[in-house]
Structures are given as C-alpha cells and as structure tokens.
2 protein chains.
Amino acid sequence: MREKTPRTRIQKKNHQTILEAALNVFSQHGFRGATLDQIAQEAALSKPNLLYYFPSKVAIHRALIDRLMTTWLDPLRELDAHGDPIEEILSYVLRKLSMAREFPRESRLFANEIVQGAPNVGDKISGDLKFLVDEKVGVIAGWSQAGKIASIDPYHLIFSIWATTQHYADFDAQIRGILAADDDAHFDDAAVFLERMFRQMLKP
Amino acid sequence: MREKTPRTRIQKKNHQTILEAALNVFSQHGFRGATLDQIAQEAALSKPNLLYYFPSKVAIHRALIDRLMTTWLDPLRELDAHGDPIEEILSYVLRKLSMAREFPRESRLFANEIVQGAPNVGDKISGDLKFLVDEKVGVIAGWSQAGKIASIDPYHLIFSIWATTQHYADFDAQIRGILAADDDAHFDDAAVFLERMFRQMLKP
DNA sequence: TGCATCTTTGACCATTTGGTCAAGACTACG
DNA sequence: CGTAGTCTTGACCAAATGGTCAAAGATGCA
C-alpha cells in the first residue's frame, strides 16, 4: 500500500529528486495532464526507475499532497488566540501571501486538486482542515464578540484571506498578463493593498 | 480551420448539446483530463458524431472558451464611470458573485485554464482583457484621485474582487467541506460579507 | 416518389500512457 | 575479492485515446 520510506542515501536523494520533478509537472498540468515520461525526463531518470521508488503515478501524487497538507496549514496554526487580534490576523494574511510568492507550485498543485472537485483530498478537507478551521473560527468569533474586531463572519473572513492571497499564485498567468509584469514586484504592492484592506474591515 | 457555424435545426441543436456536455466534462477534469468518449456519452452521441460537428477536441474546447470570454467580462464592462463610485464597485462585486453562483462550471473552466498557465488564452488575456481592465483601472483611479473613494491600487482592487468572488465557484469543494453545506445558502452570507468588506475599504 | 444532401455510426488505426519484467550494473561490506 | 543486496534500464504489454472512413440511414424538397 504505502511506498517504503527511503533508507539508503541513494533512495533519499532520488525520492527527493522525483518529488521535486513531479511537483513541477503536476502543478503545471494537473494530475491527469501529467505523464510519467514527463516526470521521468524532468528528474533525469528512466521511467521504470521512477516506478522502482514509487509504486504508481497516483502514489507520487499522493506523496506530494501529503507533504503539502502538513505544511500548508502552518500559517493558520500559528494564529494565536492570545495575541493582538488585528495584528494576528494581518500577519496571517502576510504569511499566506509570502507562501503564495515562495511556493506557487504547491499552491497550484492544491488549486488543481480542488477545482476538479478534490477527488483525492476530500476526506482531508472535511477532516483535519475543517477541524483546524473550526477551531480558529472560534477564536475569531471570540474576538468579534469581545468587540476587539468588527463583527464579521469568521468563515468568510478566512475564505477571503485564502482567496486573495492564493490568487497571486494560482492566477499568476492572468496577473502577469494584465500587469505586463515579468518579475515578482507586484507582490509588494499586493502586500500593501491586502494589509490595508483587512485592517480597514477588521476595525471595530 | 474554424468549425462551420450551425445552419440547420439539427446542427444548431447538436452544437448546443455538445457544448453543454463538454462544459460539464472540461470544467470538471480540465482539458487534458477530459476525453471525447466522456463528452460523447454525456451528450448521448457517438464519438464520430461529435467529430462531425467539431473537427477536434481542441476545437470544442476553443469554442467553449470563446463563448466564455465574450460574456465573462460583461459585469466589468457595465462598471459605469458616471455612476456613484462606491455603488458601482459594490454592484460589480455582487454581479460577479452572482455569476460564480449561477455559472460555476464556466468559472472552473476558466480557472483550469489559468492555473495551468493559460496555454490557450494567453493572448486574449494580454489583449482584450488587459485593454478592458486598463480602461476601468483608469476610471477607478480617477475616482480615487477625486477623493470619491479611498486611495487604493485599482489593479489590486480588481484582483481582490475576482479572487473573492470566483473563489466560491472554483474552490466550491473546499468550501462545502468546511461548511458541511450541501446547498447554496452560503452565497447569501458571502454577499453580506463581501459587500461589507469592500464598502469598508472604499470609504474615503 | 426520386434524388441530393445531411446525419449517424461500426470498425478501424496510430499513438500515448501507466505499468511490468528479467537481466545487467553498481555498492557495500565481510 | 566475492557475493548479497540495491539500483537501473531496454524491451515489452494492454488499455485508453484522438481521430478516420466508408457505408448506411434520415431528411427535405422538386
């Protein structure tokens, strides 16, 4: 069932090489659009060699998704119930935006998965993710009721943070087309804009 | 090159049937993930029959994208330079949200395309779309300088509107998972939330 | 009704794709 | 060294997939 965890030096290296290559290919073409040949070429390995390290195409994809789900939610986990409410939320926004800037492939891997109906992560979403979100929603609702932030729907606040930040990774092609940009500079403008936007709306 | 425009009654009907079926399949699986057999089955036609009406798989997809691009931008076109600034922008937000609610398949078709690097619409984005956006950015910048709305970056305002509204269509699977919702009711909450958010941030 | 045109499809094809396998190459270690 | 275990790959396979084609079936109109 599960692919064996890497033991030798070579296994460790090739596992990483394959996942790195697969991240490139899956994030750009989606699961169905990616081929083992592409991944093999990107990893500079032969196709049978890929299948020596991972039992199947879906196993590679699953390994990536697993790795992603554990780290992807760290910024939200860090939201501290005992910190200053507005600053806590704002720094969550900026952490999320940084991740979109630094890990756009991971963001697109996830986006591909969700847009197509979350066929492989549906259970994780209604499980771990829902659990974490519900907890933080409780925290935010508390702040809201205590008058520390404006009275808003915490679920939709979180959705709007996800939407606005991930948009810069997932819709990168559109944004670059419109801004005629060939670098990352617009992320700085986005940071200014989003900080203002959320600060404004959270003001009690 | 171009597929012939439908002439007879039968052609008109089958063209529509095929596009409807293709929209279902492409929006759920992406271009590469969709198969002609799936589309044929969904349309209740034989595969050679599909190819009697459209010369190839990409032609079907292109026809959908073309149809989409013409109507997708209507809400933005309606943004009136002579209307009340804040109400104009807010009703743009709500129109966009309605489209996400009523045409989620179209939204996902587009999302699939952009997430994968806009391979088929790249030129349309840096062409028609950029032109329209630049025009409306000018309008918004004018309002901003005239002190009618807060001083914000009009590009990122538009991006944030797209992000927050389309999110409800594109990431539907995630949202339903977290809200444990099986209906559309959360769109009403979203409308309230987004109206408040944008009204708050636009206040001069 | 007769005939030209439009529509439909079963059979078929070449290519791509995920995956297998057996045999050979390389490593590590006694 | 030698050999047991690890790693690599060329050749191959079955299924899926986009697309073709010739021939049969409908349709419409004089």
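This is a predicted model, so every value here is computed, not measured. Each chain gets a letter, A, B and so on, in the order the sequences are listed, and its residues count up from 1.
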Spacing between [X] atom [atom1] and [N] atom [atom2], to the nearest angstrom:
{"X": "A/Phe54", "N": "D/dC7", "atom1": "CZ", "atom2": "C1'", "result": "15 Å"}
{"X": "B/Lys57", "N": "D/dT20", "atom1": "NZ", "atom2": "P", "result": "15 Å"}
{"X": "A/Gln41", "N": "C/dG18", "atom1": "CD", "atom2": "P", "result": "14 Å"}
{"X": "B/Leu51", "N": "D/dT17", "atom1": "CG", "atom2": "C1'", "result": "11 Å"}

Side-chain polar contacts of residues 16-23 of chain B - donor-acceptor pairs under 3.5 angstrom, sequence neighbours left out - could you list them?
unit_1	atom_1	unit_2	atom_2	d
B/Thr17	OG1	B/Lys13	O	2.9
B/Glu20	OE2	B/Arg105	NH1	2.9
B/Glu20	OE2	B/Arg105	NH2	3.4

**Study point:** Residues that B/His61 engages under ring pair (Phe, Tyr, Trp, His ring centres under 6.0 Å), provided they are two or more places apart
**Key:** B/Phe26, B/Phe31
Exercise for review: List for me each residue that meets ring pair (Phe, Tyr, Trp, His ring centres under 6.0 Å) alongside A/Phe187, sequence neighbours excluded, and say none if there are none.
Suggested key: A/Tyr168
**Study point:** Side chains of B/Gln28 and B/Asn112, donor plus acceptor under 3.5 Å
**Key:** no
Check your understanding: Where along residues 30-38 of chain A does a heavy atom fall under 4.0 Å from DNA chain C?
Key -> A/Ala34, A/Thr35, A/Leu36
Review point. For A/Asp128, which residues count as a side chain to side chain donor-acceptor pair (under 3.5 Å) partner, sequence neighbours excluded?
Key: none
Review point. Who are the side chain to side chain donor-acceptor pair (under 3.5 Å) partners of B/Ser144, not counting sequence neighbours?
Key: none
Review point. Can you list the residues that meet the side-chain contact (heavy atoms from CB on, under 4.5 Å) rule with B/Val133, with sequence neighbours excluded?
Key: A/Ile178, B/Leu76, B/Leu129, B/Val137, B/Tyr155, B/Ile158, B/Trp162
Practice item. Check the angle between the aromatic planes of B/His167 and A/Phe159 and answer parallel, tilted or perpendicular using the 30° and 60° thresholds. Key: tilted
Contacts table for residues 170-177 of chain A: side-chain donor-acceptor under 3.5 angstrom, sequence neighbours left out:
unit_1	atom_1	unit_2	atom_2	d
A/Asp170	OD1	A/Ser107	OG	2.7
A/Asp172	OD1	A/Arg176	NE	3.0
A/Asp172	OD1	A/Arg176	NH2	3.3
A/Asp172	OD2	A/Arg176	NE	2.7
A/Arg176	NH1	A/Asp183	O	3.0

Study note, to complete from the structure: Bend of the helix from C/dT1-D/dA30 to C/dG30-D/dC1 from end-axis comparison, five pairs per end, nearest 10°, comes to 0°
Exercise for review: Verify the contact: side-chain N or O of B/Gln11 to OP1 or OP2 of C/dT7, cut-off strictly under 4.0 Å; return yes or no.
Suggested key: yes
Can you give the donor-acceptor pairs under 3.5 Å from side chains of residues 190-202 of chain A to other protein atoms, not counting sequence neighbours?
unit_1	atom_1	unit_2	atom_2	d
A/Glu195	OE2	A/Arg199	NH2	2.9
A/Arg196	NH2	B/Met201	O	2.8
A/Arg199	NH1	A/Glu87	OE2	3.1

Practice item. Report the residues that fulfil salt bridge (charged side-chain N to carboxylate O under 4.0 Å, His left out) with A/Lys130, sequence neighbours left out, ordered by chain and then residue number. Key: A/Asp134
Restricting both atoms to N or O, compile the protein contacts to nucleotides 8-14 of chain D shorter than 3.5 Å, with distance only.
unit_1	atom_1	unit_2	atom_2	d
D/dT8	OP2	A/Asn14	ND2	3.2
D/dT8	OP2	A/Asn49	OD1	3.3
D/dT8	OP2	A/Asn49	ND2	3.3
D/dT8	OP2	A/Tyr53	OH	2.7
D/dT8	O5'	A/Asn49	ND2	3.4
D/dT9	OP2	A/Ser46	OG	3.3

